[in-house]
Structures are given as structure tokens and as C-alpha cells.
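The chains referred to below are lettered A, B, ... by the order of the sequence lines, with proteins before strands, and numbering in each begins at 1.
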Number of protein chains: 2
Amino acid sequence: MSDLKLPSFVSAQMVADRAGVSRSAVSRTFTDGASVSEATRRKVLEAADALGYHVNHLARGLRERSNIVCLVVADMTTPIRARMVDVLTRKLQASGKITMVINTETDTESVSAALRQTLNYRADATVVLSGTPPASLIETCLANGQQVILINRDERLQGSSNLGVDNAMAGREALFLLRRAGCERLGLITSNARTASLVERETVFVEAAAAKGVQVVVTEAGPTSYESGQEAARRVFGRSEAPDGVFCVTDLLALGFMDVARQDFGLTIPDDLCVVGFDDIEQAGWASYQLTTFRQPLNPMADEVVDLLLQPQRAVSERRMIEPIPVWRRSVRPGKR
Amino acid sequence: MSDLKLPSFVSAQMVADRAGVSRSAVSRTFTDGASVSEATRRKVLEAADALGYHVNHLARGLRERSNIVCLVVADMTTPIRARMVDVLTRKLQASGKITMVINTETDTESVSAALRQTLNYRADATVVLSGTPPASLIETCLANGQQVILINRDERLQGSSNLGVDNAMAGREALFLLRRAGCERLGLITSNARTASLVERETVFVEAAAAKGVQVVVTEAGPTSYESGQEAARRVFGRSEAPDGVFCVTDLLALGFMDVARQDFGLTIPDDLCVVGFDDIEQAGWASYQLTTFRQPLNPMADEVVDLLLQPQRAVSERRMIEPIPVWRRSVRPGKR
DNA sequence: CGAAAAAATGCACTTGTGTGCAATCGCTAT
DNA sequence: ATAGCGATTGCACACAAGTGCATTTTTTCG
């Protein structure tokens, strides 16, 4: 049997022993506004430093709020999602929270499992970036005093807060831009994900066009990705009546669409074809694309999330909407040809 | 005073009361291999379900391992980092761990703060993807029985495990490819980040070239980004002796470099200029780029991390190396011009 | 100098688990 | 019927913190 002490975390008791004070004194030293004399405080800090003491937030979380926020997300490699996660973790951290990332598939089943994890770790709040959580589980979260914030998911679940961008505005504006450019045969490219957000952009665009007496050819490719955009372009330009202006419900789709349109069908953008996207991912601004699109204002959105979190828990479910910001680049002509 | 009970988490005690058994029975029901009769188990599960009970992993983590792994990462929006985080969270989750993401700047100061958070939450292990943690803090982590895994950071710290790709191989192979393509004036594009990985790719490439009697013009732009690649291209092709073959230490740099080379200087790739990158981000495979590069084998790397985590703690610090996989696309000629 | 007020300190309880140990229960074999 | 034995069960403790309350200790003021 070895005498070597296994390395393990140092507790407040050890610090207390070394400093010659009670454990309470240690606790109070690390608690804001607690009453400790300057002398003991110094002794404690010194001992803590020598031993490498760190307050155990798990134990703290047993009594009060855990300061843990769970982020449920799928498709994390997508540029827009990656940025969302980045901005959110940053802002949450800045406001004293810590983020647990739960990486799921979009299907309800695995989102359920994610939500349960959230409960296991006593997260103060759960932020859902993708996937549709079942209403029953949301209720469980709320019943446990957990806050639920859904981002860009338009399922309206009783008790959860919703936060999203104004998709309708983007749909209308996209139509306006393409018509101003003189496009006559309009197309809409979407994925088979059929998220509420994507569907809304599509329907608003199509309906606004119908109101102007213009028909829109809708093409639905595979998942929301660059490759689906490519596939959509192959399908669209293989047909007789090719569009001269398209709204892709996502930048990734747009970029794949543009590449095939130019390289496989020899089209020039914006002369032969105008393209509008949505999200404003970094790649949309790259020299090869210069895509006109709508920026999701991630910083304001993350600010809203933090704001919701810091609010005293409200019984009523809230719904906040943020305007996307049009970003004019060169994939759409500024005026008629 | 309201009689309404505040919503709060349901504890094992409540479940025990409802099921008419002791709290131990509840605990044992949710512990693998514990001794519970089928009858009580059923009663417990039923009560738990009715109340919406979820084991408190925080409390569990007080006694044994917390199953929390901290991921310290900077530059999360970079495609390669986003993928790393994605793959790691997936694999960790699959092996029963949960990931806490700590988003830091690359500066040592904020990495320190991140490491301390790691200790606060009693993470079993810390995985550092970017940024240089100070050795003293790593020691604290190790002293507390925490495992530290550094990925692609070549600082060799006593007690930590290192995991990285073979940068030397990439440097040599890049040179081989460019020379086989008949390139005569070689360039190397790097950023001012001066990470160990980037530096190694650079020096190996330059030295291997020197061994063949070829000089390499090294250009160092700003941070590791698309824009820095663009800037580097403007500098490089503004000079008299422009290169006809370059190795960019990162795909992002390479893509920016390619765009400016083609659009601002009218060069054709790979006829006038051959380009090799590193990382194999999704965009490298896009039709507009078709970049020849080296894939970081993320899945095997994540497997290694999980493997290291499941190993019983070893006193000796380990160092594992993974071979990057060459990906041949069209940015380099297959043979001499 | 002494009483009263204020500040500091320690005890003990709380949070929700897992688990060693002892007691109990149920069943079998003699 | 009863001893013997293994499977259950419950008690009590440990984990690491925060905090109300009572008890010192210190400070202040008359």
C-alpha cells in the first residue's frame, strides 16, 4: 500500500486547517459581501493560494443556482451555427454563466435526450438552437424552474421564450431586390429541413410574388448545405425555363447554387442571374461570391438571450423578434439590366 | 405569503416518499449494478416518472467523477475549429461525458481564467484546442487529479498529454507536390499567430527546400484568416519575383490567397500558380477552390482523446501523433507544366 | 473605565447523492 | 419447524459548499 496521497481536489476544510480558521471563514472569504476581517481574509487567501484551492461550483450549485446554461445544437459545423455558438458562449461567459454544449441530431428523439441531460445537470436555462423539443419535456423543464429559450424555432410552446429574426421581412425584401434588378423568372431554393424559419421565408417570398402577379418556381433539395445548393442548380438549369433571379433561403445553399450556375452552366452573376441569400456567413463576403444577403444580427440576439436569463423568471412566455440586416453585395444588380 | 410552491427540482427524497420506500432505494434504482428488487424498482420508476425526477449529476459529482470535460477553445468560428468542437462533443457525449465549452481569446491571461473555471467545475479533464496555457496552471490542474490534453499545441508540459498531427510530414509532402508540378519560385504564406504547429509546417517546408537548393520566400500576414490570405497575395504579387507555387499553412489563408491571385492579378490556377493548404475545411472542396491540402483526421483524433480519458490516469505524460491525409484536388498540377 | 453597539467567528444545518454496514426479509434444505 | 443463507433495505455518513443564529471579540462612545 502506497503512502502517496492520490491527487484530488483541495477542499475548503483543508484551507481552513492550514490557515488556522474555521471552514466558514474560508467560505465567507470567497463570498461577496460576507463579513470577514481583513486579517483572516489574508490568511485564508494565502493558504488557498498555497494549496491551489478553487471553490467547487458543483457543491455551490446544490443550494443555489448552478449558473450552468445548456446549449442544445445540431449541425454545429454550419458556419452560421458555429458563429451562434461562439457569440453565445462568449456573452454567457461574460455574464458569469458557463455553457454546456449538447450536440444532437435534429430529430425529436435525440433532442429529448439532450433536454434530459440539461435537467440532470441542473442547468438554470436551456437554449435550443436547432431541433424541435417535445412540448411535454419543455413542461418538465419549466416545472423544475428551468428557463427555456428557443432560437429561430417557431414552435410556440407554452412557457418558453422565443427569439427569432423576422423572416417575413427578408422574404419581402428579397423579392423587392430581385424585381428591382429586372428579374422576370423567379426561383426559390430551399432544403428539405422544413424548419419553421425556412418555410416562412419561402412562403412569404412566394406569396409576395403572387401578389405582384409573378410565379415562383420552388426547388427543394436535400439537407441545408452547399452540396444541396449545387444539386438544386443542376436541377433548375436542366429545365427549359431557367430563372434569372433566385432567393436561396440560406447562404450555404446560395454559394453551392452560384458555383454550379457559373461553372457548369456558364452563367455570369449578376448579369445573367441574380442571387439573394440569408444568414450572412463569412463566406458570403468572400471575393468569389460577394453574395447579397440578410445578416442575422448575432450579437443583439445573444444580448437578448442574456437579458432573458437575467430577468426574474416570468410566468408568461415571451416572444422577441429581431430584424435581419440587408447586406448589399454584387450578386444582385442594383437596377434593371 | 403565497402558498404556491416555487418550481424547483424534484429530489430523490420526494420520489422515495411517493413510492413509499427509502431514499437509498431510489438511488440504487438509478445506479447500475446496485441491489434492488424488481418490485421496488418498478415503484420507484413509476414515482420518478410521475414527478419528473432526474438524477442530480452535480451532487453525484461531489463524491465521484463529475464526467465533465472542459473544452478550452479560441477562434471557434474558424471552420476547422468548429469541426473539432463538433466531433469532440459528439464523441465525448457518446462515451458518457458532457462538454463545457470555455471560449477564450488566445492570450495567456484569458486562458488562465478559463483553466480556473475548469477547476471550479471539477472537470475530470481539460482539453485545450487553442491558446497557450501557463505551465503553472497546468500543474495545478494535474495536482488536482485533473487530466490535461493539449491538441496541436506543441508546448511540452510535464504531466499533460499531447495530441497532434504530423506537421513535418505535411511540410515535406507540400514541397514534394509543388516541385513535382514543376514550380520553380516557391513561397510560403503564414500568419502572425506563430503557433507551434504553424511554425513547424513553415520551418520544415523551408528547410526541405533548402536541402534541394531552393529558396523560399516567406510572407507573414495578420491573424490566421481569409483576409490575411488576401493581404499576403497582394504583397506577394506586388513584388517583382512572384512565386509560381505556394504552401499556405492554413486552408483559410490559401482560399483568400487564391481569390486575390485570380481576381486581382489574373492568374490561373494551377497553370500559373499552384497552391497547397492545410486542414481540409469544407470550403477547400468547394467548386470555386478545389484546393489540394492535408486533412486533419478529426475523427481519429477525437477517438484518441476519448481513449486517453478512459485510460486510468497515467503518471507519465503521453504524446501521440497522427498523420494528416493528403487530399489531391486541382490547385496543384499533377506533373510538370 | 465600562457599557453598548458592531463586527467577526464558529457551530450546526441544508442541499442531493452514493455507499458501507448492519438489520431484515424470504426462501430452501434438513 | 428452524437454522442457514443470500438478496433487500434502511440508517447514517461523506462529499463541499452557503448561511442563520448564537457566541465571542473588537470598537466606539459616554
Considering only nitrogen or oxygen atoms on both sides, find all protein atoms under 3.5 Å from nucleotides 14-16 of chain C and state each distance.
residue	atom	partner	partner atom	Å
C:dT14	O2	A:R63	NE	3.0

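- The interatomic distance linking B:Q13 (CD) with C:dT17 (P) rounds to 10 Å, in whole Å.
- With D:dG10, D:dT19, C:dT17 as the choices, the nucleotide that has an atom nearest any side-chain atom of A:E64 turns out to be D:dT19.
- Atom-to-atom, CG of B:N67 to C1' of C:dG18 comes out at 14 Å; the value is rounded to the nearest Å.
- Put simply, the side chain of B:S197 gets close to the backbone of B:N152: a donor and an acceptor are under 3.5 Å apart.
- Classification of B:E105 and A:R90 as a salt-bridged pair holds, one side-chain N sitting under 4.0 Å from a carboxylate O.
- Looking at heavy atoms from C-beta onward, A:L88 lies in side-chain contact with A:I151 at the 4.5 angstrom threshold.
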Practice task
List the steps, then state whether side-chain hydrogen bond (donor to acceptor under 3.5 Å, both in side chains) holds for B:Q147 with B:S161.
Solution key: CA-CA 8 Å; B:Q147 220 170 337; B:S161 304; 4.9 Å; no
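- Across D:dG10, C:dT19, D:dA7, the shortest atom-to-atom separation from the side chain of B:A25 is found for D:dG10.
- Ring geometry for A:Y121 versus B:H57: interplanar angle over 60°, hence perpendicular rather than tilted (30 to 60°).
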Practice task
Between protein and nucleotides 24-29 of chain D, map the contacts as a letter string: B base, S sugar-phosphate only, - none, heavy atoms under 4.0 Å, written 5' to 3'.
Solution key: ------
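- The distance from atom CZ of A:F30 to atom P of D:dA17 is 9 Å, rounded to the nearest whole Å.
- Residue-level contact check: A:S27 touches the bases, meaning some heavy atom is under 4.0 Å from a base atom.
- Taking 4.0 angstrom as the limit, B:S35 places none of its side-chain polar atoms (N or O) nearer than this to OP1 or OP2 of D:dA7.
- Both A:R28 and B:E38 lie close to DNA chain D; mapped to their nearest nucleotides by heavy-atom distance, the more 5′-ward contact belongs to B:E38.
- Closest contact between the side chain of B:S24 and the listed nucleotides C:dT19, D:dG20, D:dG18 involves C:dT19.
- In terms of modelled atom types and a separation under 3.5 Å, the side chain of A:N120 and the main chain of B:H54 share no donor-acceptor contact.
- Per the geometry, CG belonging to A:D17 stands 12 Å off P belonging to C:dG10, to the nearest Å.
- Within the structure, side chain to side chain donor-acceptor pair (under 3.5 Å) pairs that include any residue of residues 63-84 of chain B comprise B:S66-B:D124, B:N67-B:K97 (at least two apart or interchain).
- A 4.5 Å side-chain heavy-atom check between B:Q93 and A:Q117 finds every atom pair outside the cut-off.
- The main-chain N or O of A:R23 is never found under 3.5 Å from a side-chain atom of A:Q13 such that the two would form a donor-acceptor pair.
- Proximity of B:S22 to the phosphate of D:dC11: no side-chain N or O atom is located under 4.0 Å from OP1 or OP2.
- In this structure, B:R65 atom CZ and D:dC15 atom P are separated by 18 Å, rounded to whole Å.
- Taking atom CZ of residue B:R41 and atom P of nucleotide D:dT9, one finds them 11 Å apart after rounding to whole Å.
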